[in-house]
Amino acid sequence: MRKEKTKVKKDKFETFKNVFFALKIINKCAPRMLVAQMSVQISFWFFTGFVKDVLFLKVLLDLITSGGTFKEYVLLVLLLVASELMATAINCFSDYYASVKWKTFYKKLNDMIFQKAVAVDMGCYENPEFYDKYKRATEIITEDHVAMFAWQFSNIIAGSLTGIFLVGYVISIDPKILLILVVSVFVLFFQSIKGKIDVKKDKEMTPHKRSKDYVKRTVYLREYSKDMRTSDIFGVMHSRFKNAIEHNREIIKKYGWKIAFFETMSGFFGKALPVAVTYIYAAFRFIVKKDLKVSDFSVIMTAMSNLKDVFNDVGDAVADVRKEAEYFGNLKAFFEFPTTVINGTRQADELESLEFKNVCFTYPGADSRSLTDVNLKIEKGETVAVVGKNGAGKTTFVKLLLRFYDCDSGEILYNGINIKEYDIESLRKRFATVFQDYKVFALTIGENVLCREVLGDDDRVIVDRALRSSGANTCVEKLPQKAETVLTREFDEKGTGLSGGEQQKIAVARMFAKDFDLAVLDEPSSALDPVAEYKMYESLVDATKEKTVIYISHRLSSAVLSDKVFVFDGGTISESGTHRELMERDGEYCEMFTLQASNYKKGGEGEQQ
């Protein structure tokens with residue numbers, strides 16, 4: 001019993017914390033927007049629910065029953081019209097101001113969510129818990145939870161203010177009537193339980209929504225279109241889609257009857273019962289006891305009807321605010337998602353040396369190590385090849401170097417200092433990286449190369465030079481708009497689609513557009529044929545003179561052109577040395593190189609025949 005009470009108190013405390021967080025985030029993204037929203041609701045609720053329906057009705061009926069003059073009646077009506085004009089003016093101005101502020105709010109909140117998504121550890125993108133939190137965080141915007149929270153919070157304030165005036169007025173006529181309103185308190189109780197069930201239902205549905213959204217996204221993306229049309233994978237994806245919908249249907253059925261029950265009880269105690277009892281009591285005083293004036297009878301009936309609506313609407317608003325606060329709790333949890341890669345403060349100077357010392361690493365959730373006791377050192381100006389079969393640990397080596405992850409043990413030294421001490425941004429600025437799973441974006445070729453907007457002629461010169469260095473200029477110069485051409489036709493009918501090799505050259509051009517100390521090329525030629533691959537490596541060697549370069553590849557064209565070769569096997573360095581030394585050693589590297597060379601030779605002979 002004590003545990004249940006503790007849990008209830010904890011839940012209430014969390015709700016208050018979430019409501020406070022929601023108010024804080026709304027005010028941070030759009031100051032005074034909530035005030036404008038409340039002004040809209042107050043002007044509507046107070047004028048309609050109290051001034052026009054109760055106060056004006058009371059004065060009007062008293063004027064009629066007491067034999068007031070036509071002039072007094074006209075003045076009263078003019079006063080009502082003036083009040084309504086003022087309320088409407090406040091409503092219109094506040095509504096316009098709030099609508100403008102909403103644009104600012106969504107822009108800033110989107111920016112905050114995007115910045116957090118970009119800043120979190122790379123490991124988060126392999127964590128389903130993170131994706132669920134990310135999904136729930138984005139639902140704040142995509143499903144209008146913020147707008148609902150602001151609207152219903154404003155309704156609580158406006159409804160409570162109107163309710164206070166209505167209760168005070170009813171008490172001034174007959175305090176006993178207030179007892180009838182006690183039953184309406186149950187509305188808050190039932191709506192609160194309903195809100196909790198709604199949140200629980202939505203939380204259980206989140207993983208299935210994410211699965212459904214994944215299928216919807218992949219079906220129309222270009223990179224999946226060929227496989228969708230040439231295999232049975234669409235059937236599997238469609239089955240996943242249907243299963244996700246079916247799971248969510250079961251969840252809705254599971255909680256639906258509970259929601260319906262509490263909604264029905266809320267309606268009974270909030271609407272039917274108070275109205276019936278009030279009508280009977282007022283009629284008894286007016287007809288039987290004859291101690292209630294016509295104006296008071298009419299006003300009581302109207303005031304109680306309005307008060308009933310206020311209780312119900314405020315009850316709904318409280319339940320909705322509590323529910324929406326849970327979504328802000330999801331947003332709060334997303335912003336507070338822990339970061340294990342902690343930023344340092346030291347600014348990275350020009351590269352002099354890079355060293356891995358006894359580095360070990362295991363991916364989160366994995367059963368075995370990806371790297372074990374890796375030791376290597378790279379000096380300024382050296383060209384290094386890191387080679388090995390797929391899954392040998394080469395890409396993991398890059399991820400640790402760029403601090404996408406931190407090693408479990410050992411240390412990585414940049415100029416003799418542990419890279420954990422460096423500011424991550426300043427460290428990464430020293431590197432130019434081409435990833436194995438490179439991506440091009442639906443932007444212009446120039447923007448894809450610079451990874452930012454092309455601002456002027458100086459930027460265009462940088463783009464042209466980078467395209468020439470990567471070899472991408474031969475295809476770009478054939479395009480009507482050259483580097484201004486948008487890649488893909490998703491947003492521009494004049495856009496273009498490039499082959500895999502051409503896209504990879506665009507990705508490599510990003511490296512040449514950057515001022516760097518160390519170039520890291522992770523499988524930079526995976527989409528190229530052997531001849532184009534060798535030519536690209538020759539161009540890279542020429543373009544990166546006096547720069548430090550690390551080639552990551554399971555194809556060994558780069559190794560011949562490198563000062564050092566490190567052979568990865570099973571997460572460890574099995575061999576190291578120059579190409580000639582490793583060939584003379586007649587070990588694993590020699591076997592790999594000989595096999596690949598013979599394959600290239602066979603391919604060339606086949607083409608000549």
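A quick note: this is a predicted structure, and the numbers were derived from the prediction, not measured. In what follows, every heavy atom counts, from backbone to side chain, and hydrogens, waters and symmetry copies are set aside.
Across all non-hydrogen atoms, the minimal contact from T372 to T572 is O-CG2, 3.3 Å. Across E421 and I417, no two heavy atoms sit closer than the pair OE1-CG2, 3.5 Å. Closest heavy-atom contact between I552 and T395: CG2-N, 4.4 Å. Looking at every heavy atom in both residues, S426 comes nearest to R346 through OG-O, 3.8 Å. Closest non-hydrogen pair, K389 versus K394, comes out as O-NZ, 2.9 Å. The shortest non-hydrogen separation linking I506 to A472 is CD1-CB, 4.0 Å.
Distance CG/L402 to CG/L427: 8.0 Å, rounded to 0.5 Å. Separation of atoms CD1 (I251) and NE2 (H208) is listed at 4.0 Å; rounding is to 0.5 Å. Note that CG of D517 and CG of N415 are 8.5 Å apart. Values are rounded to the nearest 0.5 Å. The CG atom of L354 lies 8.0 Å from the CD1 atom of I412; values are rounded to the nearest 0.5 Å. Between K17 atom NZ and K24 atom NZ the span is 11.5 Å, to the nearest 0.5 Å. Taking CD1 from I252 and CD from E204, the interatomic distance works out to 11.5 Å, rounded to the nearest 0.5 Å.
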ask   = Step by step, would you call R452 with D459 a side chain to side chain contact (heavy atoms under 4.5 Å, CB included)?
value = CA-CA 10 Å; R452 59 174 174 81; D459 280 351; 2.8 Å; yes
message = Checking Y405 against T396 for the side chain to side chain contact (heavy atoms under 4.5 Å, CB included) test, could you report, in this order, the C-alpha distance in whole Å, the side-chain angles of both residues, the deciding distance, and whether it holds?
response = CA-CA 9 Å; Y405 298 88; T396 301; over 6 Å; no
message = Does I113 form a side chain to side chain contact (heavy atoms under 4.5 Å, CB included) with L331? I'd like the steps, not just the answer.
response = CA-CA 9 Å; I113 292 174; L331 181 65; 4.0 Å; yes
inquiry  = Determine whether M112 and C29 satisfy the following criterion, side chain to side chain contact (heavy atoms under 4.5 Å, CB included), listing intermediate values before the conclusion.
reply    = CA-CA 9 Å; M112 291 172 66; C29 294; 3.7 Å; yes
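The pair K242-E246 fails the salt-bridge criterion, with no side-chain N (NZ, NE, NH1 or NH2) lying under 4.0 Å from an Asp/Glu carboxylate O. Salt bridge status for E350 with K380: present, with a side-chain N to carboxylate O gap under 4.0 Å. Look at K429 and E425 and you find a salt bridge, because one of the NZ, NE, NH1 or NH2 atoms lies within 4.0 Å of a carboxylate O, short of that distance.
For the pair V384/Y551, no side-chain contact is recorded, criterion being any heavy-atom separation below 4.5 Å from C-beta on. Taking 4.5 Å as the limit, some side-chain heavy atom of Y414 sits within range of a side-chain heavy atom of L351. Taking the side chain as every heavy atom from C-beta outward, L595 and M592 never approach each other to under 4.5 Å. Under the 4.5 Å side-chain criterion, counting only non-hydrogen atoms from C-beta, L400 is not in contact with V374. With contacts defined as side-chain heavy-atom distances shorter than 4.5 Å, the pair E411/K420 does not qualify. Put simply, the side chain of F593 does not reach to within 4.5 Å of the side chain of V387, judged on heavy atoms. Looking only at side-chain heavy atoms (C-beta outward), L518 and L401 come within less than 4.5 Å of each other.
Atom CD of E352 sits in a crowded spot, with more than 12 heavy atoms from other residues, nucleotides or ligands closer than 6.0 Å. Atom NZ of K357 is surrounded by 12 or fewer heavy atoms from other residues, nucleotides or ligands within 6.0 Å.
Of the possible donor and acceptor atoms, none in the side chain of D406 sits under 3.5 Å from a partner among the backbone N and O of V341. Proximity of a side-chain donor or acceptor of K254 to a complementary backbone N or O of K201 within less than 3.5 Å is not detected. Counting only distance, with no hydrogens or angles, the side chain of N358 and the backbone of D373 share no donor-acceptor pair below 3.5 Å. Between the side chain of D563 and the main chain of E382, no donor-acceptor pair closer than 3.5 Å is present. In this structure a side-chain-to-backbone donor-acceptor pair under 3.5 Å is missing from R465 to A513. Remark: the backbone N or O of I424 is not paired with any side-chain donor or acceptor of R403 at under 3.5 angstrom.
Between I25 and the choices F20, F149, F328, the side chain to side chain contact (heavy atoms under 4.5 Å, CB included) rule is met once, by F328. With respect to D111, the side chain to side chain donor-acceptor pair (under 3.5 Å) criterion is satisfied by exactly one of Q115, K108, K107: K107.
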Show me the donor-acceptor pairs within less than 3.5 Å that the side chains of residues 579-591 make with the rest of the protein, sequence neighbours left out.
from, atom 1, to, atom 2, distance (Å)
H579, ND1, Y589, OH, 2.7
E581, OE1, T578, N, 2.9
R585, NH1, S576, O, 3.3
E588, OE1, S574, OG, 3.1

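Ring to ring, F356 and F397 are close: their centroids are under 6.0 angstrom apart.
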